[in-house]
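Working notes, structure below.
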Amino acid sequence: MRAFFLPFINNALQSAGIETDKEIQIEKPTDKKFGDFSTNIAFLVAKEAKRNPRELAGQLIENLRFPAGTVVKTEVAGPGFINFHLDPAFIMLSAQAVLEVGEAFGSYDSGTGQKAIVEYVSANPTGPLTIGRGRGGVLGDCLANLLETQGYTVTREYYFNDAGRQMQILAESVRYRYLQRCGLEVTFPDTHYQGDYIADIAETLFIEHGNDLASREDLSLFKETAERVIFSSIRKTLERLSISHDSFFNEHTLYQAPEGEVSPNQKVIDALDEQSFIDRYDNATWFLTTKLGQEKDKVLIKSSGDPSYRLPDIAYHVTKFKRGFDLMVNVFGADHIDEYPDVQEALKILGYDTTKIRVAINQFVTTTVGGQTVKMSTRKGNADLLDDLIDEVGADATRLFFIMRSKDSHLNFDVELAKKQSKDNPVFYLHYAHARICSLVRMASQEIGFNESAATGEGLPLLTSEPEIDLASSLLDYPDVIQSCLRFLEPQKMVEYLHTVAERYHKFYQECPILKADPEIRAARLELSLCVRQVLRNGFTILGISAPESM
RNA sequence: GUGCCCGUAGCUCAAUGGAUAGAGCAUCAGCCUUCUAAGCUGAGGGUUACAGGUUCGAGUCCUGUCGGGCAUACCA
């Protein structure tokens, strides 16, 4: 609906002889008396033109020409706002689009023909997924869904490493537990992975091999088994949350090169070297970030000869560019915040357009149980497992809890509250609205032979009461909400929005009899209900939660 | 110490630099012989941590102070 106003305002600006590169902002006023939409363009332009905003707004509305039956009143208010009042019939007619385009309502073609990659989760297979990881997983999945509505061809990618130091520690951890299982007296180092899952893996190895592996120094079997078991558990957990990836990118491939060629890692070093951003000292190879104003240089190749994580990370991003992605979204937790600028700087030096990269950093999740904060660490084995949480509160509530708060806020996951499965849980409010409509439609088809597939929305303009207009009006916001979610990489806005739609539906349901109304009004109200159901479903699809037909 | 995020109702959180700062939970008062009361209506509750600054306008931007989280590795 915001897009509706833009050409008219542009024309008015032109007619008034005003040139500006300011973005025209269309807002929803806080108070209804200020109309359905408003713009502050007069303020923005007034500054440039050094004119009085109110006077300028007056001149603009002289030049605003809307088609008949759309905007019934345009007025200047306050110090220079321009407020638009829509014809209620126009709102109702516009809402017909929901039924016309169905699940494509809210979709747009701004990304058509473009390739996007969303990288998320990317946990190394050192242990089961924790609750903290879940947040980024759901965030990434929702962002991918949002991009798909805009026509992007989206690749959902998981970047992992099964080679580095952490995997070594993992293999050793399994070996220690295995040796203990064989009855040997070994002390388990507290630097290693403490979780029960290590002992479980050791147990399977013991069942398969007995004591045979006890004398073996080679860790590869321990490592391979651990990786296989853990990766499979990670994928199972993700599946439970309807998170799936199209592509698993193994960091280790960046270390390798075909005969006669150099590895992607080495190519990065060479290219940076050519630009004089590489130096070698203290037996290591350094990225000269001090030349970019940073306090310290960053190690790319350790004195051991192994790359540090930054090098493959840069090389990995190079592959994203080489694979031709027009948009690259990276989702990661706040603990990675320091590394991202280095990667970005390196890519700039290598000549890549880093404006194609967008980063969504989610703050941590703290879990509280009975008001007590629980600290989490995978290494110490006291992590709250994502699987346990899903067991207790279900997939829908887990997903919704993760994205109902802004990603920049620390998420306080009240486990007790989430366990409640009562009306406190916001997922029920949304589900209830949807189930209510389904139930109503079922009853309508049984009792009066209502045929929902034949509904076109023709009757909608018959509806004129406030709850009906408010409800229809909120449905028209849906496409704008998708844009807003993408602009800020923030699906949380969708949760808020759907709550508003559900709230307005419940109010409409309360105040407007549907099945008992006169046939024409009855049909129109049923059609409006179908529109609401469609918007709820579309939103649920983006959030990745179910749409129950009864409760 | 330095960098990033956060500080808003009793609690959990919203609010593109816009108009009287909003929801949910909790508290209190109403609404079911009537399509799902997992709902609706209403009330109370605020110096937006604090002090300055920028401008037509600041919860939002800038500076400083206080408080919390994360990071400051030749771990990923």
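Remember, it's a predicted structure, so these values are computed and weren't measured experimentally. Each chain gets a letter, A, B and so on, in the order its sequence line appears, and its residues count up from 1.
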Nearest-neighbour nucleotide for the A:Asp335 side chain, B:rA14, B:rG39, B:rC70 considered: B:rC70
Could you encode protein contacts along nucleotides 1-8 of chain B as a string, one character per nucleotide from 5' to 3', using B for base contact, S for sugar-phosphate-only contact and - for no contact, with a heavy-atom cut-off of under 4.0 Å? -S-SBS--
Pairs where residues 495-504 of chain A contributes a residue and the test salt bridge (charged side-chain N to carboxylate O under 4.0 Å, His left out) is met, not counting sequence neighbours: none
Check every atom of B:rA38, B:rU12, B:rU16 against the side chain of A:Tyr432 and return the nucleotide holding the closest atom. B:rA38
Residue pairs fulfilling salt bridge (charged side-chain N to carboxylate O under 4.0 Å, His left out) with at least one residue in residues 163-172 of chain A, sequence neighbours excluded: none
If you take the centroid of each ring, where Trp contributes its six-membered ring, are A:Phe231 and A:Phe160 closer together than 6.0 Å? yes
Does A:Ser38 make a side-chain donor-acceptor contact with the base of B:rA19, cut-off 3.5 Å? yes
Taking both distances under 3.5 Å as the test for a Watson-Crick or G-U pair, what stems of at least three pairs does RNA chain B have? B:1-7 with B:66-72, B:10-13 with B:22-25, B:27-31 with B:39-43, B:49-53 with B:61-65
Classify the nucleic acid contact of A:His336 as base, sugar-phosphate or nothing, counting any heavy atom under 4.0 Å across all strands shown. base
Report which part of the nucleic acid A:Lys33 touches: base, sugar-phosphate, or nothing (heavy-atom distance under 4.0 Å, all strands). base
Which nucleotide in the set B:rC35, B:rU16, B:rA14 lies at the smallest distance from any side-chain heavy atom of A:Leu515? B:rC35
I want to confirm an ordering. Mapping A:Arg2 and A:Ala334 to their closest nucleotides on RNA chain B, which one lands closer to the 5' end? A:Arg2
Out of B:rA19, B:rG57, B:rU12, which nucleotide sits closest to the side chain of A:Phe81? B:rA19
In whole Å, I'd like the distance from the CD atom of A:Gln166 to the P atom of B:rA73. 16 Å
Quick note, A:Ala284 side chain, CB onward, closest among B:rG57, B:rC74, B:rU36 is B:rC74
Can the ring centroids of A:Phe401 and A:Phe413 be said to lie less than 6.0 angstrom from one another? yes
With the sugar-phosphate defined as primed atoms, P, OP1 and OP2, and the base as all remaining atoms, what B/S/- string results for nucleotides 41-49 of chain B, 5' to 3', for protein heavy atoms under 4.0 Å? S--------
So which pairs with a foot in residues 338-347 of chain A pass side-chain hydrogen bond (donor to acceptor under 3.5 Å, both in side chains), sequence neighbours left out? A:Gln294-A:Asp342, A:Lys298-A:Asp342, A:Arg310-A:Asp342, A:His336-A:Glu339, A:Tyr340-A:Gln344
To the side chain of A:Pro29, which of B:rA19, B:rA76, B:rC35 is closest? B:rA19
